[in-house]
Amino acid sequence: MDRVIIFDTTLRDGEQAAGASLNAREKLEIARQLEELGVDVIEAGFPASSPGDFESVSLVAREIRQPVICALSYCSAEAVDKAWEAVKAAAHPRIHIFFSASDIHLSFQLNKSREEMLEGSRDMVARARSYLEDVEFTPMDASRAEPAFLYRILEAVIDAGATTVNIPDTVGYATPQEFGALIKGIKENVPNIHKAMLSVHCHNDLGLAVANSLEAVTAGARQVECTVNGIGERAGNASLEEIVMALKTRHDFFGLTTNIDTTRIYRASRLVSELTGFSIQPNKAIVGANAFRHQSGIHQDGVLKKAITYEIMDPKSVGIPASNLVLSKLSGKHAFKERLAELGYVLGKENINQAFQRFKELADKKREITDRDIESLVDEELRTSQEAYHLDHIEVSCGNHNLPTATVRLIDPDGRILADAALGTGPVDAIYKVFNRIVGVPNKLTEFTIKSVTEGIDAIGEVLIRIESDGVTYTGRGASTDIIVASAKAYINALNRLLASKAKAKEMEEAR
Ligand code: KIV
Ligand code: ZN
């Protein structure tokens with residue numbers, strides 16, 4: 001088989017990244033994008049871990065029809081049953097069971113013997129198979145487990161009905177040579193391995209997740225588990241875009257293909273960054289802002305003569321917009337809509353109209369509107385169109401001889417106008433105090449960052465904040481040419497998410 005199955009776990013392992021928290025609607029939006037991208041499997045979540053996860057796996061299972069929808073499960077009857085409940089509405093459901101296989105985990109964390117692990121794994125795979133045909137099993141911490149024991153586990157779970165066996169480098173410890181040898185060893189020593197798909201799942205603690213995954217593919221693995229932008233637990237998972245583009249760009253070396261429409265990579269990357277609140281480092285391979293920028297004169301000269309001199313991939317092949325055509329206040333709706341389509345946005349009529357309105361307002365303040373400006377204002381439109389509380393009016397007074405004061409007017413979910421004013425240590429503090437007084441939900445600001453979207457003094461400023469309430473983190477974003485307004489929008493965005501999540505939790509509690 002010369003095709004590599006792309007198993008995307010952005011919504012599960014990706015969301016385990018500290019500070020990432022996605023609600024069910026956002027997970028569905030990402031799942032839609034992943035479907036467009038052409039991933040084969042979407043791991044939608046871990047139903048036994050929380051009612052919220054159960055809910056979002058069920059939603060994705062109901063709505064997304066093309067890829068396999070996978071639910072992760074502990075190796076227990078209760079968790080397997082929950083995974084099945086959550087995923088059974090999918091057109092192509094999968095249950096993915098994991099159990100630690102290394103002695104380090106078995107003795108120090110779980111206090112279980114190898115035999116108990118083996119028996120439990122076999123039983124739970126058989127239980128899952130009684131519900132559905134597609135069952136994956138992961139011996140967790142496989143790269144630190146004893147290979148002979150690993151072979152026994154794999155043989156047993158395949159006999160019990162596992163259709164995919166996944167070898168994880170859970171703590172990102174393996175080197176490419178070791179990991180490739182492990183896969184080769186499995187192929188040579190597990191007698192029934194040909195009856196299952198051999199998968200790998202690598203973490204990036206030593207920056208080797210992509211290299212390890214590619215080495216495993218060379219050694220015969222045919223499913224790779226990865227995430228968009230490489231987000232995930234600790235240092236993250238193998239990055240989907242890097243694996244896919246390595247296989248594509250070096251087809252001469254690997255001789256393997258994927259089902260991914262690579263021109264959709266850029267949009268997927270932007271969406272995941274926007275919704276998780278994790279910015280992409282400029283030098284990030286494939287999707288970083290500098291990935292296709294040539295700074296040195298020699299390189300620029302080469303690229304102008306023939307792109308191949310210093311460019312191994314065409315930026316268009318990953319969906320980076322072809323033209324840097326700049327729009328201005330004279331640009332009409334038609335040109336704006338075309339630009340949106342080129343940037344990969346699929347918006348309804350109402351969102352397009354609202355975004356165009358925002359574009360016109362921005363064009364009055366800013367002479368040239370670039371792609372990054374458009375992305376920023378459309379993301380802002382998509383964010384705020386779902387919000388319960390809206391910012392109606394904001395006024396601040398501050399300066400080195402002033403007491404910073406903010407006056408704010410919000411519109412609540414019932415359309416009522418709520419106004420208040422407060423003093424603060426600075427204008428942002430004053431605004432946040434007013435919001436907290438109006439909304440009345442205790443929370444703590446844990447992160448506040450501001451950056452400009454483009455160069456130039458008239459640039460849009462984007463504010464990203466995180467707030468914490470009852471141990472849960474909520475991200476908020478806001479954009480405006482006025483950074484105080486952007487800060488206010490970011491806070492109201494985070495508060496809206498907090499309120500929506502608490503309302504959802506209450507609704508689920510009452511339904512139980
Ligand atoms: O890293 C890991 O081992 C995992 C498993 C649960 C697949 O995420
Ligand atoms: Zn993992």
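Using a cutoff of 4.0 Å between basic side-chain nitrogens and carboxylate oxygens, Lys366 and Asp373 are scored as salt-bridged. The pair Lys502-Asp470 meets the salt-bridge criterion, with a side-chain N (NZ, NE, NH1 or NH2) lying under 4.0 Å from an Asp/Glu carboxylate O. Ion pairing between a basic and an acidic side chain is recognised when a charged N comes within 4.0 Å of a carboxylate O; Asp53 and Arg12 show no such pairing. Remark: Arg383 engages Glu274 in a salt bridge, criterion side-chain N to carboxylate O under 4.0 Å. Under 4.0 Å is where a charged nitrogen must lie from a carboxylate oxygen, and between Lys82 and Glu85 no such pair does. Between Arg32 and Glu63 there is a salt bridge, with a side-chain nitrogen of the basic residue lying less than 4.0 Å from a carboxylate oxygen of the acidic one. Using a 4.0 Å cut-off between a side-chain N of Lys or Arg and a carboxylate O of Asp or Glu, Lys451 and Glu462 qualify as a salt bridge. Looking at Lys284 and Glu242, a side-chain N of the basic residue comes within less than 4.0 Å of a carboxylate O on the acidic one, giving a salt bridge. A salt bridge links Asp205 with Arg234: the closest approach of a Lys/Arg side-chain nitrogen to an acidic carboxylate oxygen falls below 4.0 angstrom. The residues Glu342 and Arg339 are annotated as salt-bridged, a charged nitrogen and a carboxylate oxygen being separated by less than 4.0 angstrom.
Under the 4.5 Å side-chain criterion, counting only non-hydrogen atoms from C-beta, Phe7 is not in contact with Cys226. Side-chain contact between Phe448 and Ser487 is present, with heavy atoms from C-beta onward closer than 4.5 Å. In this structure, the side chains of Glu43 and Leu11 stay at 4.5 Å or more apart for every pair of heavy atoms. Between Ser273 and Asn229 the shortest side-chain heavy-atom distance falls below 4.5 Å. Contact of the Ile465 side chain with the Thr475 side chain is not registered, since no non-hydrogen atoms from C-beta on lie closer than 4.5 Å. Looking only at side-chain heavy atoms (C-beta outward), Thr473 and Ile467 stay at 4.5 Å or farther from each other. Counting heavy atoms from C-beta on, the side chains of Asp392 and Val408 never come closer than 4.5 Å. Counting heavy atoms from C-beta outward, Ile286 and Val244 have side chains that stay 4.5 Å or more apart.
Judged purely by distance below 3.5 Å, without hydrogens or angles, the side chains of Thr164 and Glu136 never pair a donor atom with an acceptor atom. Judged purely by distance below 3.5 Å, without hydrogens or angles, the side chains of Asn443 and Asn436 pair a donor atom with an acceptor atom. Neither side chain, His203 nor Asn212, offers a donor N or O lying under 3.5 Å from an acceptor on the other.
In this structure, the side chain of Arg264 does not engage the main chain of Val318 through any donor-acceptor pair within 3.5 Å. Using modelled atom types, no side-chain atom of Glu26 and backbone atom of Leu275 make a donor-acceptor pair closer than 3.5 Å. Asp414 places no side-chain N or O within donor-acceptor distance of the main-chain N or O of Arg416, the cut-off being under 3.5 Å. Between the Thr227 side chain and the Ile231 main chain, a donor and an acceptor come within less than 3.5 Å of each other. Proximity of a side-chain donor or acceptor of Arg222 to a complementary backbone N or O of Ile5 within less than 3.5 Å is not detected. Thr258 places no side-chain N or O within 3.5 Å of a backbone atom of Val4 that could act as its donor or acceptor partner. Under the 3.5 Å distance criterion, the side-chain polar atoms of Arg65 are matched with a main-chain donor or acceptor of Arg62. Using modelled atom types, one side-chain atom of Asp429 and one backbone atom of Thr425 make a donor-acceptor pair closer than 3.5 Å. Judged by distance alone, with hydrogens and angles left aside, the side-chain atoms of Asn496 form a donor-acceptor pair with the main-chain N or O of Ala388 at under 3.5 Å. Ser73 contributes no side-chain N or O that, together with a main-chain N or O of His96, makes up a donor-acceptor pair within less than 3.5 Å.
By the neighbour-count criterion of 12 heavy atoms within 6.0 Å, atom NZ of Lys433 is densely surrounded, having more than that number from other residues, nucleotides or ligands. In this structure, Gln66 places its CD atom where only 12 or fewer heavy-atom neighbours from other residues, nucleotides or ligands lie under 6.0 Å away. Around CZ of Arg3, the count of heavy atoms belonging to other residues, nucleotides or ligands within 6.0 Å exceeds 12. Within a 6.0 Å radius of CD1 in Ile64, other residues, nucleotides and ligands contribute more than 12 heavy atoms. Around CD1 of Ile308, the count of heavy atoms belonging to other residues, nucleotides or ligands within 6.0 Å does not exceed 12.
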_Between Val41 and Arg94, is the side chain to side chain contact (heavy atoms under 4.5 Å, CB included) condition met? List the steps._
CA-CA 9 Å; Val41 187; Arg94 175 181 295 185; 4.1 Å; yes
*For Glu36 and Arg267, run salt bridge (Lys or Arg N to Asp or Glu O under 4.0 Å): C-alpha distance rounded to whole Å, both residues' side-chain angles, the deciding distance at 0.1 Å, then the answer.*
CA-CA 10 Å; Glu36 297 276 316; Arg267 178 71 202 117; over 6 Å; no
*For Thr384 and Arg358, run side-chain hydrogen bond (donor to acceptor under 3.5 Å, both in side chains): C-alpha distance rounded to whole Å, both residues' side-chain angles, the deciding distance at 0.1 Å, then the answer.*
CA-CA 12 Å; Thr384 52; Arg358 284 175 192 269; 2.9 Å; yes
*asked:* With side chain to side chain contact (heavy atoms under 4.5 Å, CB included) as the criterion, how do Glu241 and Tyr266 come out once you've worked through the C-alpha distance, each side chain's angles and the decisive distance to 0.1 Å?
replied: CA-CA 9 Å; Glu241 58 279 5; Tyr266 175 73; over 6 Å; no
*I would like to know whether His201 and Asp13 meet side-chain hydrogen bond (donor to acceptor under 3.5 Å, both in side chains); could you show each step before the answer?*
CA-CA 10 Å; His201 174 116; Asp13 223 344; 2.9 Å; yes
*Verify side-chain hydrogen bond (donor to acceptor under 3.5 Å, both in side chains) between Gln354 and Glu350, making sure each step is shown before the conclusion.*
CA-CA 6 Å; Gln354 292 296 334; Glu350 183 57 21; 3.2 Å; yes
*Should Gln223 and Ser199 be marked as a side-chain hydrogen bond (donor to acceptor under 3.5 Å, both in side chains) after you check the CA-CA gap, both sets of side-chain angles, and the distance that decides it?*
CA-CA 4 Å; Gln223 175 178 284; Ser199 167; 2.9 Å; yes
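The minimum heavy-atom distance linking Thr262 with Ser317 is given by the pair OG1-O, 2.6 Å.
Considering Ile42, Val60, Leu271 as possible partners of Ile30, the one that fulfils the side chain to side chain contact (heavy atoms under 4.5 Å, CB included) test is Leu271. The side chain to side chain contact (heavy atoms under 4.5 Å, CB included) test with Ile460 singles out one residue from Asp482, Thr370, Leu362, and that residue is Leu362. Evaluated for a ring-ring contact (aromatic ring centres under 6.0 Å, His included) with Tyr491, the options Tyr432, Tyr389, Tyr474 yield exactly one hit, Tyr432.
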